[in-house]
**Q** 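I'd like to ask some things about the structure below.
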Amino acid sequence: MQTVSDTLRSPRRLTTEVLAGLVTSLALIPEVVSFAVIAGVDPKVALYTSCIMAMTIAFVGGRPAMVSAAAGATALVIAPLVASHGLDYLIAAVWLAGALQIVLAVAGVAKLMRFIPRSVMIGFVNALAILIFAAQLRHLFGVPWLVYPLVAAGIVMIVVIPKLTTAVPAALIAIVALTGVVVLFGIDVPDVADQGELPGGFPTWMIPDVPFTMDTLAIIAPYAVGLALVGLMESLMTAKLVDEITDSRSDKTREAWGQGVANWAGALFGGMGGCAMIGQTMINVKEGRARTRISTFLAGLFLLLLCVTVGDVVGAIPMAALVAVMLVIAVTTLDWHSIAPRTLRLMPRSETLVMLVTVGATLVTDNLAIGVVSGVLTAMVAFARRVAHMTRVETVDEREGTRTYRVSGELFWASSNDLVYRFDYAGDPEHVVIDLTDAEVWDASTVATFDSVQHKYAEKGKRVEIVGLDGVSMERLERLSGKLD
C-alpha cells in the first residue's frame, strides 16, 4: 500500500494524487448540489459539508483514497426533518448521528462486515453502477441536441487517452477540453452554474439554536439513528469495494469512528451530514488512480477553493463533460462477469437470488443500505433453508427391545423444528437410542425439540437415551435440557 510519506517523496505519485483530487472535486459539485435539493437545504450547505468532511476524513478515516461528502442516501433520511423543523434541528441530528457512529465503532460494528456474503457485495456493486448511470439520465433529456455529441466526445476521450498516456487523468483532459470548446464557440448547453448557486465565501461556525430538552431529543433521535446507520453501511461497503480494487486492506473500525468525527466536523460549519461518496470514490480510485489520503484531502480543499475563488470558471463547465465521466465510471463499475449467461448457469440459484434482491431493493428504495440489508437477510434465509435440508434421521440398528436412530447434520431452529416428527413413537420398542455422533447442537430450539421427543416417548412408557455428543453441544444439552418449559 502506498503511504503519504512515500508519495510526498515521489513527484510522479504526488502529481497523480493531486490531479485525482482535482477531478474528484469537479465531479463532486453537481452531485452534492443535487443532494442539497433532495434534502431541502441551500446548495452552500451541501458544498460546505463536502469540503469539511473530505478534508477531515482524510486524516481520521480508515480507508485511504475514499471520499466522504454530502450523499444522496443521507439526504433522503434527513429531508423530512428539514421540512418540518428546519436547519438547526438538522445540525443537532448530525451531531447526534456522529456520536452514535463513534459509539457503534467502539462497539465493534465494523466486524459485522465479515458476515456480508460475496453475492451481496456483487449486488451492491451492480446496484451502484445502475444508480450512477440512472443519475445521469436527467442531464440527457430535454436538453439541446449538442449535449449528445459533447457527451460522446467526452466518452471517447476518457476511453482512448489512457491508451496513449496516463500522465494526466483522461477525465480531467475531457473536462478541460469540452469546457474550452463550449466557451470558445459559445455553445449554449447546461453547465454547473445551472445546478445551483456556488458559495462566495468560506464556511463559518454554527451552533444549532435548539432547546437542549428531551423533546428535542425525541424529534432528532429517529433521524440521527437513520443517518448513522445508513452512513456507516454505505461507507463500510464502499471501503470494502475499494479494498478489492486496490488489493489492499483498510481499518474498518477506524473508518467507522472516522465517519462520526467527520460528521461532527461538518456539523460545526452547519453541515447536513454525509458518508462515503461511492461514485466520486470510484473516480478518485479508478479514473484518477489515487491510493493515498492526499487525494481525499485535496478533493475537499480544491472543492472549497474552486467554489470560493473561481466559481465563475467552475460554473462554466458543461454538464456534458461530467456526465461523460460518470457514464464511463458506471459502465466500468458494473460486474459484467456476474451477469454473463455462463456465470448465471453455473451460479447456485440462491446466490443469484441474493444478488437480484440486493439490486432490486436498492433500485426500488434508491438506498444502497436498504439493498444491502435486504440482500443479507435473503442470504440468511437461503443459508438456513439449505442447511436445514442437510439434516438426516435414519434407523441404524434394531435389536430386541431397542431401536437406534442416527441423526446427522447441523441442528438449529430451522433444521430441528420438524425433527420431532421423524420418530415412530407408537411403533418403537421400550428403549430408544438417539445417536448424535454426526450432529451438532447449535441452539436452545434444538434442545427444546429433544425435550419434546423425550416427553412424547415418556407418555407411551418408553425410555430415550441420547448419546454421541461431546464438547459445546454436550454442554449445551446438559445445561438447558428440562429447563426450557
Side-chain angles (χ1 to χ4, degrees), residues 104 107-128 229-230 232-234 236-241 243-244 252 335 337-340 342-365 367-394 406-422 436-450 452-453 468-477 480 484:
L104 289 171
V109 68
K111 296 178 182 178
L112 296 177
M113 291 299 295
R114 73 181 67 178
F115 298 110
I116 296 181
R118 179 178 179 274
S119 51
V120 173
M121 190 66 195
I122 293 174
F124 171 82
V125 171
N126 290 341
L128 160 65
L229 295 179
V230 169
L232 281 182
M233 179 70 73
E234 292 215 18
L236 294 177
M237 287 294 290
T238 304
K240 187 175 181 180
L241 176 59
D243 287 354
E244 293 185 3
K252 304 301 187 300
D335 189 340
H337 176 72
S338 69
I339 59 175
R342 183 175 182 274
T343 303
L344 294 176
R345 286 195 301 269
L346 295 175
M347 191 67 63
R349 291 183 179 180
S350 60
E351 295 194 29
T352 300
L353 175 63
V354 169
M355 181 190 71
L356 293 176
V357 167
T358 304
V359 174
T362 299
L363 298 182
V364 169
T365 62
N367 190 319
L368 283 162
I370 293 178
V372 169
V373 171
S374 300
V376 170
L377 291 176
T378 304
M380 290 171 59
V381 172
F383 173 77
R385 183 174 181 274
R386 185 165 61 250
V387 173
H389 284 80
M390 294 173 64
T391 303
R392 296 187 304 276
V393 178
E394 55 187 341
R406 176 178 294 163
V407 180
S408 58
E410 309 302 326
L411 304 178
F412 64 112
W413 55 269
S415 60
S416 63
N417 277 341
D418 65 346
L419 197 63
V420 69
Y421 306 111
R422 308 284 288 276
L436 299 179
T437 302
D438 298 325
E440 293 288 339
V441 176
W442 284 7
D443 60 6
S445 294
T446 302
V447 176
T449 295
F450 281 119
S452 179
V453 170
L469 284 180
D470 58 11
V472 175
S473 294
M474 185 65 184
E475 186 274 332
R476 183 173 288 122
L477 185 69
L480 297 177
L484 297 176

**Q** Drop me the distance from Trp442's CH2 to Arg476's CZ, to the nearest 0.5 angstrom.
**A** 10.5 Å

**Q** State whether the number of non-hydrogen atoms from other residues, nucleotides or ligands found under 6.0 Å of Arg385 atom CZ is greater than 12.
**A** no

**Q** Is any side-chain heavy atom of Val441 closer than 4.5 Å to one of Val472?
**A** no

**Q** A side-chain contact here means heavy atoms from C-beta on lying under 4.5 Å apart; do Val120 and Met355 qualify?
**A** no

**Q** Mind checking the OG-CE spacing from Ser338 to Met347? Nearest 0.5 Å is all I need.
**A** 8.0 Å

**Q** Step by step, would you call Thr343 with Ile339 a side chain to side chain contact (heavy atoms under 4.5 Å, CB included)?
**A** CA-CA 7 Å; Thr343 303; Ile339 59 175; over 6 Å; no

**Q** State, to 0.1 Å, how close Val372 and Phe124 come at their nearest heavy-atom pair, and which atoms those are.
**A** CG2-CD1, 3.7 Å

**Q** Any non-hydrogen side-chain atom of Arg349 less than 4.5 Å from a side-chain atom of Leu353?
**A** no

**Q** Got a second to check how far Asn126's CG is from Leu363's CG, nearest 0.5 Å?
**A** 10.0 Å

**Q** Would you check if Ser416 and Thr391 make a side-chain contact, meaning some heavy-atom pair closer than 4.5 Å?
**A** no

**Q** Compare all side-chain heavy atoms of Ile370 with those of Ser374 and state whether any distance is below 4.5 angstrom.
**A** yes

**Q** Could you pull out the closest heavy-atom pair between Leu419 and Phe450, with the gap in Å?
**A** CD2-CZ, 3.8 Å

**Q** So do Glu244 and Met121 actually touch side chain to side chain, heavy atoms under 4.5 Å?
**A** yes

**Q** Would you say that Asp438 contacts Arg406 through its side chain, given a criterion of any heavy-atom pair below 4.5 Å between the two side chains?
**A** yes

**Q** Is there a side chain to side chain contact (heavy atoms under 4.5 Å, CB included) between Lys252 and Asp243 once you walk through the steps?
**A** CA-CA 10 Å; Lys252 304 301 187 300; Asp243 287 354; 2.4 Å; yes

**Q** Give the minimum heavy-atom separation between Lys240 and Ile116, together with the two atoms involved.
**A** NZ-O, 3.6 Å

**Q** Search all heavy atoms of Ser415 against all heavy atoms of Glu410 and return the closest pair with its distance.
**A** OG-O, 2.7 Å

**Q** Look up atom CG in Leu112 and atom CG in Leu236, then write down how far apart they are to the nearest 0.5 Å.
**A** 9.0 Å

**Q** What closest approach, in Å, do Ser452 and Val420 show between heavy atoms, and which atom pair accounts for it?
**A** OG-CG2, 3.6 Å

**Q** How long is the gap from CG on Leu477 to CG on Leu436, to the nearest 0.5 Å?
**A** 7.5 Å

**Q** Donor-acceptor check, side chain of Ser473 to backbone of Leu469, threshold 3.5 angstrom: yes or no?
**A** no

**Q** Closest approach of Val376 and Pro117, non-hydrogen atoms and distance?
**A** CG2-CD, 4.3 Å

**Q** Rounded to the nearest 0.5 Å, how far does CG of Asp443 lie from CZ of Phe412?
**A** 8.0 Å

**Q** Just wondering, do Val407 and Leu411 contact through their side chains at under 4.5 Å, heavy atoms?
**A** yes

**Q** Begin with the C-alpha distance, continue with both residues' side-chain angles, and end with the deciding distance and a verdict on side chain to side chain contact (heavy atoms under 4.5 Å, CB included) for Leu128 and Leu241.
**A** CA-CA 11 Å; Leu128 160 65; Leu241 176 59; 3.9 Å; yes

